[in-house]
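Note sheet for the following structure.
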Amino acid sequence: MSDVTDDHVFLSLTADHGDADARWAFGTGFEDPLHGVDTTVPATVDAAELAACCLALGDDALVGAQRLAQWCTRAPELEEEMALANIGLDLLGQARLLYSRTGQVDGSGRDEDAYAYFRDAEDFRNVRLAELPNGDFAFSITRLLVLSCWRLAVFQRLAATAPDPVLKAVAAKGVNELAYHRQFAADWAVRLGDGTEESHRRMRKALAGVAPYLDELFAARPGFGIDPAEVRKETTAVLRQVLDAAGLELPGAEALPGQGREGDHTEHLAPLLAELQSVARAHPEATW
Amino acid sequence: MTTSQGARSDGGGAEPGLQEQFDATIAKDQRIEPRDWMPEGYRRTLIRQIAQHAHSEIIGMQPEGEWITKAPSLRRKAILFAKVQDEAGHGLYLYSAAETLGADRADLTERLIEGRQKYSSIFNYPTLTFADVGVIGWLVDGAAICNQVPLCRTSYGPYARAMVRICKEESFHQRQGYELLMTMMRGTDAQREMVQDAVNRWWWPSLMMFGPPDHDSPNSAASMAWKIKRHSNDELRQRFVDMTVPQAEKLGVTLPDPELRWNEERGHYDFGTPDWAEFKRVISGDGPCNAQRIARRRAAHEEGAWVREAALAHAAKQAARAGRKREDQSAQEGAAA
């Protein structure tokens, strides 16, 4: 047998990598995602308002990431597989930062996993648009376009004026990510709107499906002096521009009663959470 | 550095000198590049191997991808999501490497979903608990690394370069798997049982990843001569066992092989014989998950057809619009002149 002498990572698997807590793994160079940022809540900030804001934005992100994870191995092409996973990972990262902040300011001291895994549907504060099933690629793209336009408008304002330094930092990091999400969704909306009769028909159907959930985005929360009317104006202006290039129109629709932000959800949220929480809840004493 | 004649030829009819140049490049351990002349058998073997490898990355997303939505902490969710995304990336590099040999990604995908090209048999086993995510990282990615590190020096340039990048990422994958298992072994009894159960199920299929025994490996001789392949299946399998046993001990799990023991004389571990009949069954389509893996890949491909058609139609319309705009401009310029 000849000697196999290739330099081999496998050999060093059990070697000491110098990690303090031996919980090293790829992509997770932080146990505390807010390390280095002054986490003291400024005296002028209403802690309850801050916690509610972080929780709402965190829930939108987690539920959105979960829906994107459901696309995994189902995308129409490998490039889209990669892009959807990228966007899902960005949103997951945003959720983790926002949940950590919530736990610091709402007085409970809970960690990110407590918010994700040990709350029931009625305690989630995401908008209902985020929780709707993926539908076809046209629906997922349309939903992503709307949510990323809205979230970018909100994050830009928070990055500029949020009175909490942590939320401000999270928003500043998120702005670059969301600009890419919006670009990706807009490019596809134009391709699909302009492409074939079939893709155009699917985009019209997707827009009709999304329209009743738009008003909810522009309700008062998240707060901090962000004017919902301004966010609405900016979001709809960008949407109109994209849809115009796609040869599509934003249909009018009657808003559905209720608010996800108040804990009113569609029948789709509970099963989504049941799947997300299944292993964690089956082993509440476990460490992962 | 490389033989530079661009000619492609069908083996026997090679212009004099080309075969000699190819052989000399291989003998000198230099790289064959896409525009170099190469024997058709070499090209065919490479396309088959690279495509099979690409398919394995793409199908390999499924068993672990199942657990992204159920990962029990947000940190594990992020790690697993990123890992499965890496595998899509590996598939892309490899399909691109195959395209440098004249293959076409869409055609290779068709061959996969029609069952005309194979992928690694390991992905036809189910992932039953979250511990499987850790064991796949440790054993399956570990075995893949043993197979793939030598491919970083394989004779075909684009394949070798793709493998350098892939191996770097695979080593992260393996570490995250082992680290998950270490964490689980420090957890509850139920977690330790999950880990042992997963090791019991994945150990033998992992050994099969090195392919059939050398005396029963039909494609090996030519691949070794062409330096596509650099070590025999049995050599790599032995290497894997030797490295894995101390890791299992450190982890505190038992490898399910009563014949496993250190052989002082050989300086290697002796181990039992994998069930090669099972290997053949799984390879030829009768594993526990073959049908569901291909069905998922086929469904994604077919349900995405209208999207790909729309993208092509939009690109064609854009090109036509750009063309008309140029015509209008030159007409205006002509009128102005």
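We name chains A, B, ... by the order of the sequence lines, and we start the count at 1 in each one. These figures come from a predicted structure and were not determined experimentally.
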Handout entry: Salt-bridge present (A:Glu80, B:Arg308; N to O < 4.0 Å)
Key = no
Handout entry: Side-chain ion pair, A:Arg202 and B:Glu309, N-O less than 4.0 Å
Key = no
Which region of [X], side chain (C-beta onward) or backbone (N, CA, C, O), has a non-hydrogen atom less than 4.5 Å from a non-hydrogen atom of chain A, or is it both or neither?
X: B:Ala299; answer: neither
X: B:Met194; answer: side chain
X: B:Ile58; answer: side chain
X: B:Glu303; answer: neither
X: B:Ser73; answer: both
X: B:Val84; answer: side chain
X: B:Lys70; answer: both
X: B:Arg321; answer: side chain
X: B:Leu180; answer: side chain

Practice task
Working to the nearest 0.5 Å, report the span between OH of B:Tyr95 and CG of A:Leu78.
Solution key: 6.5 Å
Closest approach of [X] to [Y] (non-hydrogen atoms, all atoms of both residues):
X: A:Pro76; Y: B:Gly304; value: CB-CA, 3.5 Å
X: A:Ala69; Y: B:Phe81; value: CA-CZ, 3.6 Å
X: A:Trp288; Y: B:Met184; value: CZ3-CE, 3.5 Å
X: A:Ala280; Y: B:Pro72; value: CB-O, 3.6 Å
X: A:Arg96; Y: B:Ala78; value: NH1-CB, 4.0 Å
X: A:Cys72; Y: B:Ile68; value: SG-CD1, 3.9 Å

Handout entry: Note, B:Lys77 side chain near A:Leu276 side chain (heavy atom, < 4.5 Å)
Key = yes
Practice task
Would you mind reporting whether B:His314 and A:Val190 have side-chain heavy atoms less than 4.5 Å apart?
Solution key: yes
Using heavy-atom distances under 4.5 Å, tell me whether [X] contacts chain B through its side chain, its backbone, both, or neither.
X: A:Phe137; answer: both
X: A:Asn86; answer: both
X: A:Ala75; answer: backbone

Flag the one option from [options] with the top tally of heavy-atom pairs under 4.5 Å to chain B.
options: A:Leu62, A:Leu272, A:Leu92, A:Leu68; answer: A:Leu92
options: A:Glu77, A:Glu198, A:Glu285; answer: A:Glu77
options: A:Asp194, A:Asp113, A:Val279, A:Leu192; answer: A:Asp194

Practice task
Would you please say whether a donor-acceptor pair under 3.5 Å links the side chains of A:Glu275 and B:Thr69?
Solution key: yes
Exercise for the section: Decide if atom CD of A:Gln241 counts as having more than 12 heavy atoms of other residues, nucleotides or ligands within a radius under 6.0 Å. Expected result: no
Handout entry: Most contacts with chain A, counted as non-hydrogen pairs under 4.5 angstrom, among B:Glu170, B:Gln62, B:Glu66, B:Arg105
Key = B:Arg105
Problem - Any donor-acceptor N/O pair, B:Arg296 side chain to A:Thr73 backbone, under 3.5 Å - result: no
